[in-house]
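What follows is a set of notes on a single structure, which appears directly below.
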Amino acid sequence: MKLHEYQSKAIFSKYGIPIPKGRVASSAIEARQIAEELGGRVVVKSQVLVGGRGKAGGIRLAKTPKEAEEIATLVLGMEIKGLPVRKVLVDEAANIEQEIYLGITNDRAARRPVIMASSAGGVEIEEVARMTPEKIIKVHIDPLLGLRDFQSRDIAAGIDLPRENWKEFAKISIGLWNAYAENDATLAEINPLVITKDKHLVAVDGKMIIDENALFRQAVLAEMRDLDEEDGSETEARKYGLNFIKLDGQIGCMVNGAGLAMTTMDIVKLFHGEPANFLDIGGGANSDKVAAALRIILSERNVKVILINIFGGITRCDEVARGILLALDEVKPKIPMVVRLVGTNAEEGIRLLADAKMITAITLTDAAKKAVKAAQKNQEK
Ligand code: GDP
Ligand code: MN
């Protein structure tokens, strides 16, 4: 789950990281009032959950409160990379001497968190990694020990940070580590961390991504979720307790159980098909849930066939089949559907669905082959 810049910076501030004074506004009038309170120059910043807002014209400096109001009017009407701007952050403008990158994420290959820094801040770090990888300093963090003082000094030296800023830098990097660890983040990033003209460090931008699997114990963060800014189908799926991840293939999969869903995707790929999603509808899914799942799968235009693979254990297959039929009444898909049911009352379930003109299969291999074939046929049309 991504947090907005203003949310991330508020968290950073709690961990002792200096941030500019400022507040978030949802109207131009409010933006003007904040600019008046702050006095002097301000920066008006669109709050959308994408990077590169600066380049897209979503970050602008204003010299007067009136100008802040004008810019806010403009920015609040904008869309950035397809996302509508509903809020702006009005911050005291920083006098920038140099922009630094500082971020922490998980290095899966190393099986531990890594802190990265670069003297080439401000631009997207992916860009720096591609063009000038030698400008990125990386230090792995032992999750049990946390970021140590000596490590933060190593990084400061590695990016040629002026000596006079090392103490501040240690405080900021250790603060960033604590923010990362205590909030179950998968990313905590300051880009740019700025050296101001009067030689202090300030976090001008902030970005955090929180591990969704940890939200159950991060109630305060869970509250910060901004549904307006997230992928529609994944949000919809969450509402129904469906475990859904969008992919870009043609075969929409509806499966009960995460392991079975993974297996289904593997077998689809084995026969040269591409899954359109991962979807685990969970145990004991009723027809409401099945209908929601079908609706979500069908809302993706690239889906050419639906593959249903259900293992009936406690839930009986005939009940699942009736659920699917009820859902079909509501959703009415126009693409082929392949079903494989196995387990309690499978024969009865299969018979019900075959009557409804669905393609049925006994084994998963058979089902996957039929789905791939149907997808190819439907693609050619
Ligand atoms: P992003 O483009 O979405 O990463 O948004 P940022 O908050 O990083 O802003 C983009 C760029 O705008 C920064 O790299 C700075 O160069 C510039 N910028 C942002 N805030 C200020 C500010 O307070 N003063 C000045 N002079 N420039 C700023
Ligand atoms: Mn930035």
Side-chain angles (χ1 to χ4, degrees), residues 2-13 17-25 31 34-65 67-68 71-72 74-76 78-105 115-132 135-136 159 172 176 179-180 185 187-209 226 229:
K2 289 180 185 168
L3 294 184
H4 281 294
E5 176 195 357
Y6 75 93
Q7 297 167 325
S8 306
K9 289 205 300 206
I11 294 172
F12 291 169
S13 173
I17 298 172
I19 59 166
K21 259 194 218 139
R23 260 189 312 122
V24 76
I34 298 169
E36 269 161 11
E37 281 168 33
L38 292 173
R41 286 191 324 146
V42 296
V43 55
V44 179
K45 313 184 76 178
S46 56
Q47 298 297 289
V48 279
L49 297 175
V50 288
R53 295 164 302 163
K55 269 195 212 147
I59 310 273
R60 290 166 203 248
L61 287 164
K63 284 185 219 71
T64 63
E67 206 183 329
I71 293 173
L74 182 81
V75 171
L76 283 167
M78 277 173 71
E79 249 187 28
I80 297 180
K81 298 184 183 167
L83 296 174
V85 181
R86 297 213 162 87
K87 289 189 193 105
V88 290
L89 175 63
V90 183
D91 264 1
E92 219 167 44
N95 288 318
I96 300 179
E97 178 140 309
Q98 196 198 330
E99 302 193 17
I100 293 165
Y101 174 93
L102 184 65
I104 302 177
T105 187
I115 181 162
M116 293 176 290
S118 174
S119 55
V123 283
E124 279 176 54
I125 196 66
E126 291 83 357
E127 193 77 1
V128 183
R130 214 173 16 246
M131 307 303 286
T132 47
K135 282 197 178 157
I136 303 177
I159 59 168
I172 291 170
L176 191 66
Y180 175 88
L187 177 78
E189 185 183 83
I190 306 173
N191 188 26
L193 175 65
V194 150
I195 307 180
T196 59
K197 293 249 191 282
D198 55 5
K199 315 292 177 207
H200 287 294
L201 296 180
V202 180
V204 157
D205 192 8
K207 182 172 173 184
M208 281 184 98
I209 302 180
D226 186 348
E229 296 279 342

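Both counts, for ligands and for their atoms, begin at 1 and track the order of listing.
For the atom pair CE of M208 and CD1 of I190, the computed distance is 10.0 Å after rounding to the nearest 0.5 Å. Here the straight-line distance linking atom CZ of R60 with atom OG of S46 works out to 9.0 Å at 0.5 Å rounding. A distance of 7.0 Å separates CG of D91 from CD1 of I19, quoted to the nearest 0.5 Å. Once rounded to the nearest 0.5 Å, the distance linking CE of M116 with CD1 of I125 reads 6.5 Å.
Between V42 and I34 the shortest side-chain heavy-atom distance does not fall below 4.5 Å.
Closest protein heavy atom to atom 3 (O) of ligand 1: R53 NE, 2.7 Å. When hydrogens are left out, the protein atom nearest atom 19 (C) of ligand 1 is V204 CG1, 3.7 Å; that is the closest non-hydrogen contact. For atom 2 (O) of ligand 1, the nearest protein heavy atom (residue, atom name, distance) is G54 N, 2.8 Å. The nearest heavy-atom contact from the protein to atom 28 (C) of ligand 1 is I96 CD1, 3.7 Å. Remark: minimum distance from atom 12 (O) of ligand 1 to any protein heavy atom is reached at I59 CG2, 3.9 Å. If you check which protein heavy atom lies closest to atom 7 (O) of ligand 1, you get K45 NZ, 2.6 Å.
Of the candidates E99, Q47, K55, E99 brings a heavy atom nearest to atom 16 (O) of ligand 1. Remark: among candidates A93, G58, A94, G121, the nearest residue to atom 24 (N) of ligand 1 is A94, based on non-hydrogen atoms. The residue among D91, D205, N95 with a heavy atom at the shortest distance from atom 6 (P) of ligand 1 is D205.
Atom OD2 is the N/O/S atom of D205 found closest to the Mn ion (ligand 2).
Taking every heavy atom of both residues into account, P65 and A35 meet most closely at CA-CB, 3.8 Å.
Around NZ of K63, the count of heavy atoms belonging to other residues, nucleotides or ligands within 6.0 Å does not exceed 12.
Those atoms of ligand 1 that come under 4.0 Å of a heavy atom in G122, given as number and element, are 14 (O).
Residue-to-ligand polar distances keep R41 apart from ligand 1: every N/O pair is separated by 3.5 Å or more.
Salt-bridge annotation for R53 and D205: present, with a side-chain N of the basic residue lying under 4.0 Å from a carboxylate O of the acidic one.
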